[in-house]
There are 2 protein chains.
Amino acid sequence: MESLTTAQQELYDWLVDYIRANQHSPSIRQMMRAMNLRSPAPIQSRLEHLKNKGYIEWSEGKARTIRVRDDLRGVPILGTIAAGFVNEAFTDSVERLDLNGLPIQNGDYALKVTGDSMVEAMIQDGDVVIMRPVKDPQGIREGTIVAARVESGTTLKSFYRQGDQVQLKPANPDYPVMEFPAESVDVQGRLVAVWRGIDPDFVV
Amino acid sequence: MESLTTAQQELYDWLVDYIRANQHSPSIRQMMRAMNLRSPAPIQSRLEHLKNKGYIEWSEGKARTIRVRDDLRGVPILGTIAAGFVNEAFTDSVERLDLNGLPIQNGDYALKVTGDSMVEAMIQDGDVVIMRPVKDPQGIREGTIVAARVESGTTLKSFYRQGDQVQLKPANPDYPVMEFPAESVDVQGRLVAVWRGIDPDFVV
DNA sequence: AGTGTTACAGAACAAGTGTACCAACAGGTG
DNA sequence: CACCTGTTGGTACACTTGTTCTGTAACACT
């Protein structure tokens, strides 16, 4: 990635923060004031450079249409890290995790997990699971983790079929496998992602 | 939350998708074409309603400044769900998980986890951990999960002090605790979040 | 039928806004 | 010093765009 001058870097940082906060690009005259300039020309020049170097893009002639390149959004994935044992990490890879882009679809929803029956599936109390509504219950694959509504309530379990019965298996040997007639199980959604925010005050 | 007419809902959904994809609001005439209208008046009317009902807001007179209310961004957290046992879920709570907003700060970065030494901390192979650079190594609390650089490489472990030594504990009894002189351990960052995307083709 | 309400089409206006142009200035290079 | 290059200040212009206004059509209700 081509490097930036200090003036270009300063504008770029301010621009990214502004777009993240306001969900739209500022106008050139707004940037002018933010950079303590009294003419739009310098901003235009810097934007041109940022565009040529591949940092931003915009629709020509249209107002407030600047956007940061998609491959620069989110947080950078600096490399892989071994939880198993020390080895190489911090590569100079440019891959990025766009938390707002790819994984989430419109209609997805989240549930806060309570209880510990899914610990062996690496889901613990307090995690937030992102679920996707299931259109066709027949299409659910064996072992998929789903939010299922049965007569007594809704629960998060692995989904299995057994003849015309449906098994809901917890991922914790301390809890029992539950079995219901297929028609009495209403699958509300399937697991698409897990999010765990770490409370900085929390200590193991 | 006040409900919407079908026309308002249709515009709102299109608007949210457009902003998410383009990082800026469309113009009224763009919405006009998208809704198959030939006059800007109906769009303006619907926007006015969306504003009064608290769904969107914009800077009056400024071009392309519509933004979705912050408390509506991200995915809705519909309630809590028991992994432990069936109980109530799907409350009508309005809380939301804003994946792009609150948790991530500028400067944060991500690492893909390989290996299984942190399985008891509910971090498994393939997870993405979001790390925050550590300014003051003295301020790290006991038990915090950190990415630490030692002479042999970088690893993800729980951080403990033992006199003037630093212990790096894996969360898996199969792996040994490692101990280093405090000055030879360079803490690259501390864990602030875990993200796990579920591959739909993956079956347990 | 009459009436009020709402939505739409079309046009027009004013402000916001991107862009082009030119002069002044600073910094480096011969 | 002269010269070139890049940045800034300043201005001007044309297009974009939010906003307002008027008239018409569709619809619900009395």
Who are the side-chain contact (heavy atoms from CB on, under 4.5 Å) partners of [X], not counting sequence neighbours?
X        : result
B/Lys62  : A/Arg64, B/Ser59, B/Thr65
B/Gln124 : A/Met122, B/Asp127, B/Arg196
B/Arg38  : none

Item to check | Qualifying residues under salt bridge (Lys or Arg N to Asp or Glu O under 4.0 Å), relative to B/Arg33, sequence neighbours excluded | outcome: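 Partners of B/Arg33 under the salt bridge (Lys or Arg N to Asp or Glu O under 4.0 Å) test: none.
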
Next on the checklist: Once salt bridge (Lys or Arg N to Asp or Glu O under 4.0 Å) is applied, do any residues pair with B/Glu57, and if so which ones, sequence neighbours excluded?
Outcome noted: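 Partners of B/Glu57 by the salt bridge (Lys or Arg N to Asp or Glu O under 4.0 Å) criterion, ordered by chain and then number, come out as B/Arg67.
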
Checklist entry - What heavy-atom pair brings A/Leu156 and A/Val113 nearest, and what distance separates the two atoms? => result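 Minimum heavy-atom contact is CD2-CG2, 4.1 Å.
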
Checklist entry - Taking all non-hydrogen atoms of both residues, which atom of B/Ile145 and which atom of B/Ala121 are closest, and how far apart? => result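 Smallest interatomic distance, heavy atoms only, reads CD1-CB, 4.0 Å.
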
Checklist entry - For DNA chain D, which nucleotides open and close the run of contacts to chain B, 5' to 3', at under 4.0 angstrom from a non-hydrogen atom? => result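 First-to-last contact on DNA chain D, by the 4.0 Å heavy-atom rule, is D/dT17 to D/dT20.
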
Checklist entry - Step by step, would you call A/Asp17 with A/Arg20 a side chain to side chain contact (heavy atoms under 4.5 Å, CB included)? => result CA-CA 5 Å; A/Asp17 283 344; A/Arg20 207 198 313 258; 4.1 Å; yes

Checklist entry - Does anything in residues 45-55 of chain A pair up under side chain to side chain donor-acceptor pair (under 3.5 Å), and if so which pairs, sequence neighbours excluded? => result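 Residue pairs passing side chain to side chain donor-acceptor pair (under 3.5 Å), neighbours aside: A/Gln8-A/His49, A/Gln8-A/Lys53.
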
Next on the checklist: Restricting to ring-ring contact (aromatic ring centres under 6.0 Å, His included), what partner residues turn up for A/Trp14, sequence neighbours left out?
Outcome noted: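 Once residues adjacent in sequence are excluded, the partners of A/Trp14 under the ring-ring contact (aromatic ring centres under 6.0 Å, His included) criterion are A/Tyr18.
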
Checklist entry - Which parts of residues 52-68 of chain A get close to DNA chain C, meaning a heavy atom less than 4.0 angstrom away? => result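 Result for residues 52-68 of chain A: A/Trp58, A/Glu60, A/Gly61, A/Lys62, A/Ala63, A/Arg64, sorted by number.
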
Checklist entry - Is there side-chain contact between A/Met118 and A/Ser158, with heavy atoms separated by less than 4.5 Å? => result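 Side-chain contact under 4.5 Å: yes.
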
Item to check | side chain to side chain contact (heavy atoms under 4.5 Å, CB included) between B/Ile130 and B/Val192, worked out | outcome: CA-CA 6 Å; B/Ile130 287 94; B/Val192 293; 3.5 Å; yes

Item to check | DNA chain C: 5'-most and 3'-most nucleotides touching chain B, 4.0 angstrom heavy-atom criterion | outcome: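 The protein-touched segment is C/dC8 to C/dT17.
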
Checklist entry - What distance separates B/Met131 CE from B/Gln188 CD, expressed to the nearest 0.5 Å? => result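 Nearest 0.5 Å value for the CE-CD distance: 9.0 Å.
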
Item to check | Gap between atom CE of B/Met178 and atom CD of B/Gln167 - 0.5 Å precision | outcome: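 Taking CD in B/Gln167 and CE in B/Met178, the distance rounds to 11.0 Å.
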
Item to check | Residue closer to the 5' end of DNA chain D, A/Arg46 versus A/Pro40 (nearest nucleotide) | outcome: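 This one resolves to A/Arg46.
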
Checklist entry - Pick the nucleotide of DNA chain C nearest each of B/Ala7 and A/Ala41; which residue has the one closer to the 5' end? => result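 Taking each residue's closest nucleotide, the earlier one in sequence belongs to B/Ala7.
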
Checklist entry - Considering the terminal five base pairs at each end of the helix from C/dA1-D/dT30 to C/dG30-D/dC1, what angle separates the two local helix axes, rounded to 10°? => result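 The helix from C/dA1-D/dT30 to C/dG30-D/dC1 shows an end-to-end axis angle of 20°.
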
Next on the checklist: Please identify which of these residues, A/Asp13, A/Thr6, A/Thr5, meets the side chain to side chain donor-acceptor pair (under 3.5 Å) condition with A/Gln9.
Outcome noted: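 Per the side chain to side chain donor-acceptor pair (under 3.5 Å) rule, the option paired with A/Gln9 is A/Asp13, out of A/Asp13, A/Thr6, A/Thr5.
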
Checklist entry - Can you list, by residue number, the residues of residues 27-34 of chain A that have a non-hydrogen atom closer than 4.0 angstrom to DNA chain D? => result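 Only A/Arg29 qualify.
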
